[in-house]
Amino acid sequence: MAKAKYTTHLGMVDILPDESPKWRALENIIHEEAANFNFEEIRTPIMEQTELIKRGIGQLTDIVTKEIFAFTKGDSNYVLRPELTAPVVRAYVQHHLDQRGGSQKLYYIGPMFRAERPQKGRQRQFHQFGVEVIGSENPVADVECIAFMMRIYQRIGIKNFNLKLNSVGDPESRENYKSVLKEYLEPHLEKLSELSQKRFDTNPMRILDSKEPEDQEFIQSAPVISDHLNEESKEHFAQVCEMLSSLNIEYTLDPLLVRGMDYYTRTAFELTSPDLGSQDALAGGGRYDLLVEEIGGKPTPAVGFAAGMERLFIACEELGISLADEKKVDVFIVSLGEQARKWALKTLPIFRENGISATMDYLDRSMRAQMKDANRENATYALIVGDNELEEGKFTLRNMKESEESVLDLASIIEKIN
RNA sequence: GAGCUUGUAGCUCAGUUGGUUAGAGCGCUGGUUUGUGGCACCAGAGGCCGUGGGUUCAAUUCCCAUCAGGCUCCCCA
């Protein structure tokens with residue numbers, strides 16, 4: 001085979017036939033559990049208006065400043081979606097989903113795009129599933145999101161993780177806290193990392209998220225937001241914690257958890273796993289009570305999360321969990337000679353109409369080669385057809401696992417397989 | 001954007017202290033069984049040793065550049 005002339009772009013990967021079954025298995029689990037939770041699926045376009053993403057996620061976030069794929073065509077700006085919260089909210093506002101009544105419990109599965117340097121657990125096109133509950137500020141909504149998230153990992157068998165929880169407060173609490181934090185940091189500003197100095201003005205809370213060594217001593221003794229929440233936010237957070245405990249969902253409070261998108265308010269959470277290496281976040285989310293209004297809707301509280309599917313698979317691999325069943329086909333028709341091949345082609349649909357998966361050789365190969373093929377395809381039965389069988393109207397049905405054969409007419413064969 | 005690292009068969013990798021025809025395992029194709037898979041045995045196909053340049057009598061091996069991966073920092077799923 002010649003060297004490939006065309007290859008995927010950096011950080012974009014093909015999901016090949018050997019890999020696709022586990023994707024389907026995961027997707028099935030997500031669809032099933034979503035149905036159990038009464039979440040409804042939403043599918044939005046891969047591309048959005050650039051302005052939506054910038055407004056939604058925040059002009060100064062890393063995602064917007066350096067990680068989006070954007071281009072202009074005619075008068076329109078297009079951006080490959082880097083996440084789905086803003087687009088889902090866009091759809092909610094655009095189509096007046098609030099008019100469906102109640103709160104909207106939505107979930108999604110799909111590819112996202114970020115123009116970062118790829119490494120383990122990070123690609124430029126990657127896949128997330130997630131949920132968005134729009135229209136409720138009840139802590140039950142927060143907890144149901146988290147419960148759904150945890151349920152997926154529980155079903156798959158991933159148990160080795162850490163659910164980190166924090167409240168980043170409502171606008172009032174945040175403003176209070178930001179000024180307290182800035183007051184605290186101000187005298188040390190010179191000693192902070194360059195990045196943190198920049199964030200001092202733009203988004204001081206993200207300094208808490210810094211991993212720069214020179215910042216650590218200041219971060220450790222910094223005032224924490226939980227001491228500066230107003231009564232309402234404090235009560236909301238307390239209820240989230242209490243409800244999680246009532247569901248036996250374990251979590252650790254992490255006052256330094258500040259997430260990378262500007263829209264988060266109050267509840268913030270992140271699920272990390274020691275099995276992932278450097279990119280250790282399996283999933284993350286939180287409440288975003290201001291985003292709907294920011295995007296042009298009525299003030300509407302909302303909460304959601306997103307989970308990385310490739311990272312989930314990495315964790316599975318580390319833990320030796322396999323999601324996919326072996327491939328198999330019920331019947332492989334081994335046909336010898338032209339007449340037999342014609343018969344095989346016409347018989348395949350009869351099997352399929354009876355709910356029996358069936359295939360045959362496309363290469364006119366020897367019997368031996370066809371048997372090897374049947375074996376490789378993990379066929380339950382090989383149906384052997386040659387001139388003798390055609391004449392008698394009875395065919396040799398070989399059980400591949402048992403290595404037993406019987407000679408039967410077609411009706412009996414179908415009956416036996418079913 | 002920065003650092004480190006790796007490019008040899010479809011895959012995983014040996015190897016050459018620079019020297020005729022470049023190797024293994026797995027996979028693939030055919031055969032031993034001209035109508036019977038998995039096991040075994042035999043045979044075969046498949047490589048400009050990532051690309052370009054330099055040093056040398058001679059480069060897949062040494063040097064430089066370049067391209068493409070991987071890992072890490074930053075950040076996130």
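Reckoned from all heavy atoms, side chains included, excluding hydrogens, waters and symmetry mates. Not measured: the values here are computed from a predicted model.
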Item checked: Considering all heavy atoms, the nearest Asp289(A)-Ala302(A) contact -> OD1-N, 3.2 Å

Check: Where the side chain of Gln128(A) is concerned, which of rU36(B), rA77(B), rG38(B) is the nearest nucleotide?
Finding: rA77(B)

Next item on the list: Report the nucleotide, chosen from rA77(B), rG70(B), rG37(B), that has the shortest atom-to-atom distance to any side-chain atom of Met400(A).
Entry: rG37(B)

Check: Contact class for Glu389(A) (heavy atom, under 4.0 Å): base, sugar-phosphate, or nothing?
Finding: base

Checklist line | Distance-only donor-acceptor check, side chains Asp280(A) and Thr272(A), under 3.5 Å | finding: no

Next item on the list: For rG10(B) and rG50(B), measure between their P atoms and round to the nearest Å.
Entry: 13 Å

Next item on the list: Could you work out which one of rA77(B), rG70(B), rG37(B) sits closest to the side chain of Arg311(A)?
Entry: rA77(B)

Next item on the list: Return the minimal non-hydrogen interatomic distance between Glu132(A) and Thr85(A), and the atom names on each side.
Entry: OE2-OG1, 2.8 Å

Item checked: Pair of N/O donor and acceptor under 3.5 Å linking rG35(B) base with Arg368(A) side chain -> no

Next item on the list: Describe the nucleic acid contact of Asn388(A) in one word from base, sugar-phosphate, nothing, applying a heavy-atom distance below 4.0 Å.
Entry: base

Checklist line | C1' gap between rA14(B) and rA77(B), integer Å | finding: 38 Å

Margin query: Heavy atoms from C-beta onward define the side chain here; which of rG70(B), rG37(B), rG35(B) lies closest to that of Pro118(A)?
Written below: rG70(B)

Check: In whole Å, what separates the C1' atom of rG47(B) from that of rU16(B)?
Finding: 16 Å

Next item on the list: Sticking with atom P, work out how far rC73(B) lies from rC63(B), rounded to a whole angstrom.
Entry: 29 Å

Item checked: Closest to the Glu116(A) side chain, choosing from rG70(B), rA77(B), rG38(B) -> rA77(B)

Margin query: Without decimals, in angstroms, what is the distance between Asp280(A) CG and rC74(B) C1'?
Written below: 14 Å

Item checked: Listed nucleotide nearest any side-chain atom of Lys120(A), set rA40(B), rG35(B), rC71(B) -> rC71(B)

Check: NA contact type, Ala369(A), heavy-atom cut-off 4.0 Å: base, sugar-phosphate, or nothing?
Finding: sugar-phosphate

Note to self: Closer than 3.5 angstrom, by distance alone: can the side chain of Glu317(A) be matched with the main-chain N or O of Ile314(A) as a donor-acceptor pair?
What the structure shows: no

Notebook entry, point to check: Does Ser366(A) make a side-chain donor-acceptor contact with the base of rG30(B), cut-off 3.5 Å?
Noted result: no

Next item on the list: Identify which nucleotide among rU36(B), rA77(B), rG37(B) has an atom closest to any side-chain atom of Asn375(A), counting heavy atoms from C-beta outward.
Entry: rG37(B)

Note to self: Could you walk me through whether Tyr263(A) and Tyr288(A) satisfy the ring-ring contact (aromatic ring centres under 6.0 Å, His included) test, starting with their C-alpha distance in whole Å, then the side-chain angles of each, then the deciding distance to 0.1 Å, before giving a yes or no?
What the structure shows: CA-CA 5 Å; Tyr263(A) 50 61; Tyr288(A) 48 95; 5.6 Å; yes

Check: What nucleic acid atoms does Glu67(A) come within less than 4.0 Å of, heavy atoms only: base, sugar-phosphate, or nothing?
Finding: sugar-phosphate

Checklist line | Nearest-nucleotide comparison on RNA chain B, the residue closer to the 5′ end among Asp62(A) and Ser403(A) | finding: Ser403(A)

Notebook entry, point to check: What is the nucleic acid contact for Gly121(A), judged by heavy atoms within less than 4.0 Å: base, sugar-phosphate only, or nothing?
Noted result: base

Note to self: Taking only the P atom of each, what is the distance from rG69(B) to rC11(B) in whole angstrom?
What the structure shows: 15 Å

Check: How far, in whole Å, is rU12(B) from rG31(B) if one measures between their C1' atoms?
Finding: 27 Å

Next item on the list: Quote, to the nearest angstrom, the C1' distance that separates rG70(B) from rA45(B).
Entry: 31 Å

Note to self: Does a side-chain N or O of Arg365(A) approach OP1 or OP2 of rU29(B) to a distance below 4.0 Å, or not?
What the structure shows: yes

Margin query: Check whether Lys164(A) reaches the backbone of Leu256(A) with its side chain - one donor and one acceptor, N or O, closer than 3.5 Å.
Written below: no

Notebook entry, point to check: If you look at every strand shown and take non-hydrogen atoms under 4.0 Å, does Leu282(A) touch a base, only sugar-phosphate, or nothing?
Noted result: sugar-phosphate

Check: Roughly how far apart, to the nearest Å, are rG3(B) and rG18(B) at atom P?
Finding: 30 Å

Note to self: Taking any heavy-atom pair under 4.0 Å as a contact, classify Ala283(A): base, sugar-phosphate, or nothing.
What the structure shows: sugar-phosphate

Notebook entry, point to check: Among the nucleotides rG70(B), rG35(B), rU36(B), which one has an atom lying closest to any side-chain atom of Leu10(A)?
Noted result: rG70(B)

Next item on the list: Test for a donor-acceptor pair under 3.5 Å between the base of rG37(B) and the side chain of Arg398(A), counting only N and O atoms.
Entry: yes

Margin query: Judged by each residue's nearest nucleotide on RNA chain B, which is more toward the 5′ side, Glu402(A) or Val13(A)?
Written below: Glu402(A)

Note to self: What I want to check is whether the side chains of Asn176(A) and Ser173(A) have a donor and an acceptor closer together than 3.5 Å.
What the structure shows: no

Next item on the list: Indicate, with a heavy-atom threshold strictly under 4.0 Å, whether Gln123(A) touches base, sugar-phosphate, or nothing.
Entry: base

Checklist line | Arg122(A) vs rU72(B): side-chain N/O to OP1/OP2 distance below 4.0 Å | finding: no

Margin query: Can you measure Gln370(A) atom CD to rG31(B) atom C1' for me and round it to whole angstrom units?
Written below: 17 Å

Item checked: Carboxylate-amine/guanidinium proximity below 4.0 Å for Glu404(A) and Arg398(A) -> no

Next item on the list: Taking only the side-chain heavy atoms of Arg376(A) (C-beta and beyond), determine which of rC75(B), rG37(B), rC28(B) contains the nearest atom.
Entry: rC28(B)

Margin query: Using OP1 and OP2 only, check whether a side-chain N or O of Gln119(A) sits under 4.0 Å from rC71(B).
Written below: no

